[in-house]
Participant: 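I have a structure here, written as structure tokens, and I will follow up with some questions on it.
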Amino acid sequence: MDLPIGELFILGFRDPLIPGWLQDFARSFGLGGVILFDYDCTDKKFERNVFGPAQLEELCEGLHALPSRPLIFIDQEGGKVRRLKEERGFIPLPSARQFGRLSASERRDVLRPAYAQMRQIGIDVNLSPVVDLDINPDSPDVGSVQRSYSSDPKVVKACVEALAEVAGSVNLKLCLKHFPGTGGAKVNPHDHVMDLSDCLTDAQVNVFKELIARVPMVLFSHGIVNQWERETPVCLSAVAVNKMRGWAPDACILTDDLQMQGVQKLMSTGEACMKAVHAGADLILIGNNMKDEQEQTAEFARRLLSACAQDASMRVHAEASIRRVRKLKFG
């Protein structure tokens with residue numbers, strides 16, 4: 001088989017069971033990972049992948065049995081952003097802001113049962129922690145929904161230390177987000193193009209630079225930093241990727257969901273896939289929640305394969321990313 005290009009994708013799907021198109025994709029291309037949601041934005045109902053611990057454990061078992069054993073990702077930050085809610089039988093987690101105010105021992109006590117349950121169910125990667133500093137408390141996607149631990153880098157680092165220690169003890173992987181820090185943003189990237197050029201600080205960038213050694217996986221935001229690469233979302237920017245690679249050559253770099261309007265207002269999902277791989281990102285996230293492009297996903301993979309056949313540098317990026325993803329999966 002040529003390049004197993006599907007290893008570069010994290011895909012979402014709209015059913016409580018594994019759909020046929022996802023099985024076909026994994027068979028044809030391999031599959032890096034899947035992302036699970038409890039809420040379906042299209043139907044506006046809490047009826048998607050997550051209904052309870054026993055159901056979810058069974059689903060995870062089936063997903064792990066797919067060709068190339070995809071990793072299972074979920075956003076379980078705590079507070080408002082948690083796909084595993086207590087009314088469905090999952091162990092609660094406080095918001096990042098509340099967590100930041102706890103003592104060191106309280107932090108670990110809160111995390112242990114929740115993280116142990118996640119691993120028992122079969123979750124491989126928690127897309128957490130958010131290490132965006134609380135620069136603008138009214139920031140629509142961070143501050144106003146309590147997703148930041150603190151405006152103080154020291155508090156953020158102490159919180160991440162607790163998360164990394166507890167996650168490591170149960171073999172749960174974590175992912176820093178949202179590089180290079182969106183805590184100062186005035187708009188929500190789910191809805192708008194997000195320019196960070198005027199609100200990005202050295203202190204914020206340094207948080208990622210220091211913590212990537214502790215949590216060697218990082219999700220790149222849709223934020224645009226014009227002083228790095230003009231009018232290019234960071235998750236599609238070679239300049240941003242190379243900056244991170246300079247600090248941590250083997251870190252695994254994820255794009256944020258390419259179906260968010262922070263990208264969609266600039267280009268199509270297919271075009272964004274190409275740009276992400278060209279820039280050197282390792283995993284392309286397509287949640288099929290902001291939009292339903294489940295049927296187009298195989299075409300995205302075919303187009304990437306074709307581009308890699310014609311562009312040697314792109315193929316080199318893809319091969320390096322596939323190695324990183326497989327190391328993440330199998331050690």
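Here the structure is a predicted model, which is why all the values come from computation and not from measurement.
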Participant: Once rounded to the nearest 0.5 Å, what's the spacing between atom NE2 of His278 and atom SG of Cys308?
Facilitator: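 Separation between the atoms: 9.5 Å.
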Participant: Can you get from Phe99 to Val155 by hopping between Ile, Leu, Val, Met, Phe, Trp and Tyr side chains that sit under 4.5 Å apart?
Facilitator: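 Each belongs to a different hydrophobic cluster.
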Participant: What residue pairs, at least two apart or across chains, pass salt bridge (charged side-chain N to carboxylate O under 4.0 Å, His left out) with a residue in residues 271-291?
Facilitator: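 Only Arg245-Asp282, Asp282-Arg324, Lys291-Glu293 qualify under salt bridge (charged side-chain N to carboxylate O under 4.0 Å, His left out).
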Participant: Does Ile35 sit in a hydrophobic cluster with other residues, and if so which ones, taking ILVMFWY side chains as linked at heavy-atom separations under 4.5 Å, directly or through other members?
Facilitator: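 Hydrophobic cluster check, Ile35: joined to Ile10, Phe37, Leu71, Phe73, Val125, Leu127, Met217, Leu219, Leu254, Leu283, Leu285, Val325, Leu328.
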Participant: Mind checking whether Val145 and Val156 sit in one hydrophobic cluster, side chains of I, L, V, M, F, W, Y counted as touching below 4.5 Å?
Facilitator: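 Unlinked, Val145 and Val156 end up in two clusters.
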Participant: Between the side chain of Asn126 and the main-chain N/O of Leu172, is any donor-acceptor distance below 3.5 Å?
Facilitator: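 Looks like no, no N/O pair under 3.5 Å.
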Participant: Working to the nearest 0.5 angstrom, can you tell me the gap between Ile91 CD1 and Arg82 CZ?
Facilitator: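 Reported value, rounded in 0.5 Å steps: 13.0 Å.
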Participant: Give every residue pair that meets the side-chain hydrogen bond (donor to acceptor under 3.5 Å, both in side chains) criterion with at least one member in residues 208-222, sequence neighbours excluded.
Facilitator: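 Qualifying pairs: Lys157-Glu210, Glu161-Arg214.
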Participant: Let me check something: do Met244 and Val205 share a hydrophobic cluster, defined by ILVMFWY side-chain heavy atoms less than 4.5 Å apart, either directly or through other members?
Facilitator: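 The answer is yes; both residues are in one hydrophobic cluster.
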Participant: If you link ILVMFWY side chains whenever their heavy atoms are less than 4.5 Å apart, which other residues fall into the same cluster as Phe46? By chain and number, please.
Facilitator: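 For the cluster that includes Phe46, the remaining residues are Tyr39.
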Participant: Could you tell me whether the side chain of Gln55 and the main chain of Phe51 form a donor-acceptor pair under 3.5 Å?
Facilitator: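 Indeed, once roles are kept as given, a pair shorter than 3.5 Å links the two residues.
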Participant: Measuring only between side-chain heavy atoms, which start at C-beta, is Glu7 closer than 4.5 Å to Leu31?
Facilitator: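 A side-chain contact under 4.5 Å is absent here.
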Participant: Using every non-hydrogen atom in the two residues, find where Val50 and Arg83 come nearest and quote the distance to one decimal.
Facilitator: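 Minimum heavy-atom separation between Val50 and Arg83: CG1-O, 3.8 Å.
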Participant: I'd like to know if the side chain of Asn288 reaches the main chain of Gly12, judged simply by a donor and an acceptor atom lying under 3.5 Å from each other, with no hydrogens or angles considered.
Facilitator: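 Yes, because the side chain of Asn288 sits within donor-acceptor range (under 3.5 Å) of the backbone of Gly12.
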Participant: Which pairs, with at least one residue in residues 165-174 and sequence neighbours excluded, count as a side-chain hydrogen bond (donor to acceptor under 3.5 Å, both in side chains)?
Facilitator: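 For residues 165-174: Arg108-Glu165.
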Participant: Between Arg69 and Phe330, does the side-chain contact (heavy atoms from CB on, under 4.5 Å) criterion hold? Intermediate values first, please.
Facilitator: CA-CA 9 Å; Arg69 196 184 188 278; Phe330 306 114; 4.3 Å; yes
Participant: Looking only at side-chain N and O atoms, does Glu106 offer a donor or acceptor that is under 3.5 Å from a partner on Ser103?
Facilitator: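 Short answer, yes.
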Participant: Return the set of residues passing side-chain hydrogen bond (donor to acceptor under 3.5 Å, both in side chains) with Gln310 (not counting sequence neighbours), or none when no residue passes.
Facilitator: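 For Gln310 the side-chain hydrogen bond (donor to acceptor under 3.5 Å, both in side chains) partners, ignoring immediate neighbours, are Ser306.
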Participant: So do Leu11 and Phe300 actually touch side chain to side chain, heavy atoms under 4.5 Å?
Facilitator: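 No. Closest side-chain heavy atoms not under 4.5 Å.
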Participant: Got a sec, which residues hit salt bridge (Lys or Arg N to Asp or Glu O under 4.0 Å) with Arg230, two or more places apart in sequence or on another chain?
Facilitator: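 Not a single residue meets the salt bridge (Lys or Arg N to Asp or Glu O under 4.0 Å) criterion with Arg230.
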Participant: State which residues pass salt bridge (Lys or Arg N to Asp or Glu O under 4.0 Å) with Arg303; sequence neighbours excluded, sorted by chain then number.
Facilitator: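 Applying salt bridge (Lys or Arg N to Asp or Glu O under 4.0 Å) to Arg303 gives none.
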Participant: Do NZ/NE/NH1/NH2 and the carboxylate oxygens of Arg147 and Asp75 come within less than 4.0 Å?
Facilitator: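 A salt bridge is absent here (no side-chain N lies under 4.0 Å from a carboxylate O).
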Participant: Supply the atom-to-atom distance Leu236 CG to Ile284 CD1, rounded to the nearest 0.5 angstrom.
Facilitator: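 The distance works out to 9.5 Å.
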Participant: Mark yes or no for whether Arg107, through its side chain, and Gly100, through its backbone, hold a donor-acceptor pair below 3.5 Å.
Facilitator: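 Present.
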Participant: Which heavy atom of Ala281 sits nearest to which heavy atom of Ser321, and what is that distance?
Facilitator: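 Looking at all heavy atoms of both residues, the closest pair is O-OG, 3.3 Å.
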Participant: Take Phe220 and His178 through the test side-chain contact (heavy atoms from CB on, under 4.5 Å) and record every step on the way to the result.
Facilitator: CA-CA 5 Å; Phe220 276 36; His178 311 82; over 6 Å; no
Participant: Please confirm whether the ring centroid of Phe9 lies under 6.0 Å from the ring centroid of Phe25.
Facilitator: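 Yes.
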Participant: Going by heavy atoms in the side chains, are Arg97 and Arg101 under 4.5 Å from each other?
Facilitator: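 They are in side-chain contact.
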Participant: Is there a donor-acceptor contact under 3.5 Å linking the side chains of Gln264 and Thr269?
Facilitator: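 There is such a pair between these side chains.
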Participant: Would you check if the side chain of Ser128 reaches a backbone N or O of Glu77 as a donor-acceptor pair within less than 3.5 Å?
Facilitator: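 No; zero donor-acceptor contacts below 3.5 Å.
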Participant: Do the side chain of Gln117 and the main chain of Phe90 share a donor and acceptor less than 3.5 angstrom apart?
Facilitator: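 Not confirmed, Gln117 side chain does not pair with Phe90 backbone.
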Participant: Which residues end up grouped with Met290 if you chain together Ile, Leu, Val, Met, Phe, Trp and Tyr wherever their side-chain heavy atoms are less than 4.5 Å apart?
Facilitator: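 For the cluster that includes Met290, the remaining residues are Met260.
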Participant: Would the distance check show the side chain of Ser148 and the main-chain N or O of Asp132 forming a donor-acceptor pair, the cut-off being under 3.5 Å?
Facilitator: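 Side chain of Ser148 to backbone of Asp132: a pair is present.
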Participant: State the CD1-CD1 distance between Ile72 and Ile121, to the nearest 0.5 angstrom.
Facilitator: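 These two atoms lie 10.5 Å from each other.
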Participant: Heavy atoms only: give me the nearest Thr201-Ile135 pair and the separation to one decimal.
Facilitator: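 In terms of heavy atoms, the two residues are closest at OG1-CD1, 4.3 Å.
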Participant: Is it true that, when you exclude Lys186 itself, more than 12 heavy atoms of the residues, nucleotides or ligands shown sit nearer than 6.0 Å to its NZ?
Facilitator: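 Counting neighbours around NZ of Lys186, 12 or fewer heavy atoms of other residues, nucleotides or ligands fall under 6.0 Å, so no.
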Participant: Hey, any chance Leu174 and Val130 share a hydrophobic cluster, counting ILVMFWY side chains that come within less than 4.5 Å of each other, even indirectly?
Facilitator: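 Per the 4.5 Å side-chain linkage, Leu174 and Val130 are not co-clustered.
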Participant: Please give me the minimum heavy-atom distance between Gly89 and Pro53, naming the atom from each residue.
Facilitator: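 The pair with the smallest heavy-atom distance is O-CG, 3.4 Å.
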Participant: Between Val142 and Val160, is there a shared hydrophobic cluster once you connect ILVMFWY residues whose side-chain heavy atoms come closer than 4.5 Å?
Facilitator: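 No, Val142 does not connect to Val160 through the hydrophobic network.
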Participant: Could you work out, with side-chain hydrogen bond (donor to acceptor under 3.5 Å, both in side chains) as the rule, every residue matching Asp43, not counting sequence neighbours?
Facilitator: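 Testing Asp43 for side-chain hydrogen bond (donor to acceptor under 3.5 Å, both in side chains), a comparison that skips the adjacent residues, returns Arg14.
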Participant: Quick one: side chains of residues 15-23, donor-acceptor pairs under 3.5 Å with protein atoms, not counting sequence neighbours, listed by atom name and distance.
Facilitator:
{"from": "Trp21", "atom 1": "NE1", "to": "Gln294", "atom 2": "OE1", "distance (Å)": "3.1"}
{"from": "Gln23", "atom 1": "NE2", "to": "Ile18", "atom 2": "O", "distance (Å)": "3.1"}

Participant: Carefully, step by step, assess Val239 and Asn242 under the rule side-chain contact (heavy atoms from CB on, under 4.5 Å).
Facilitator: CA-CA 5 Å; Val239 174; Asn242 290 337; over 6 Å; no
Participant: Does the plane of the ring in Phe179 sit parallel, tilted or perpendicular to the ring in Phe208? Use 30° and 60° as the thresholds.
Facilitator: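 Geometry flag for Phe208 against Phe179: perpendicular rings.
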Participant: State, without any angle test, whether Ser197 and Asp195 hold a side-chain donor-acceptor pair at a distance under 3.5 Å.
Facilitator: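 Their side chains do contain a donor-acceptor pair, which is all the 3.5 Å distance test asks for.
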Participant: Between CG of Asp38 and CZ of Arg88, what distance do you get to the nearest 0.5 Å?
Facilitator: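 So the gap between those two atoms works out to 7.0 Å.
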Participant: Determine whether Met194 and Thr182 make a side-chain contact, defined as any pair of heavy atoms from C-beta on separated by less than 4.5 Å.
Facilitator: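 In contact.
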Participant: Do the side chains of Val110 and Pro94 get nearer than 4.5 Å, heavy atoms only?
Facilitator: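 Sidechains of Val110 and Pro94: in contact.
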Participant: Would you confirm whether Gln146, through its side chain, and Lys80, through its main-chain N or O, come within 3.5 Å as a donor-acceptor pair?
Facilitator: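 Pair absent, no side-chain N/O of Gln146 close to backbone of Lys80.
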Participant: Do Ile322 and Pro4 have side chains that approach each other closer than 4.5 Å (heavy atoms only, starting at C-beta)?
Facilitator: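 Yes. Closest side-chain heavy atoms under 4.5 Å.
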Participant: May I have the list of side-chain donor-acceptor pairs in residues 58-67 shorter than 3.5 Å, sequence neighbours left out?
Facilitator:
{"from": "His64", "atom 1": "ND1", "to": "Cys60", "atom 2": "O", "distance (Å)": "3.4"}
{"from": "His64", "atom 1": "NE2", "to": "Asp124", "atom 2": "OD2", "distance (Å)": "2.7"}

Participant: Check step by step if side-chain contact (heavy atoms from CB on, under 4.5 Å) holds for Ser139 and Asp134.
Facilitator: CA-CA 8 Å; Ser139 168; Asp134 210 356; over 6 Å; no
Participant: Do Leu163 and Tyr115 have side chains that approach each other closer than 4.5 Å (heavy atoms only, starting at C-beta)?
Facilitator: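 With C-beta onward as the side chain, the pair touches.
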Participant: Say you draw a straight line from CG of Leu133 to CD of Gln204; how long is it, rounded to the nearest 0.5 Å?
Facilitator: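 Interatomic distance, Leu133 CG to Gln204 CD, rounded to 0.5 Å: 4.0 Å.
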Participant: Measure the shortest side-chain to side-chain distance between Pro180 and Leu196 over non-hydrogen atoms and say whether it is less than 4.5 angstrom.
Facilitator: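 The answer is yes, as the side chains (C-beta and beyond) meet within the 4.5 Å cut-off.
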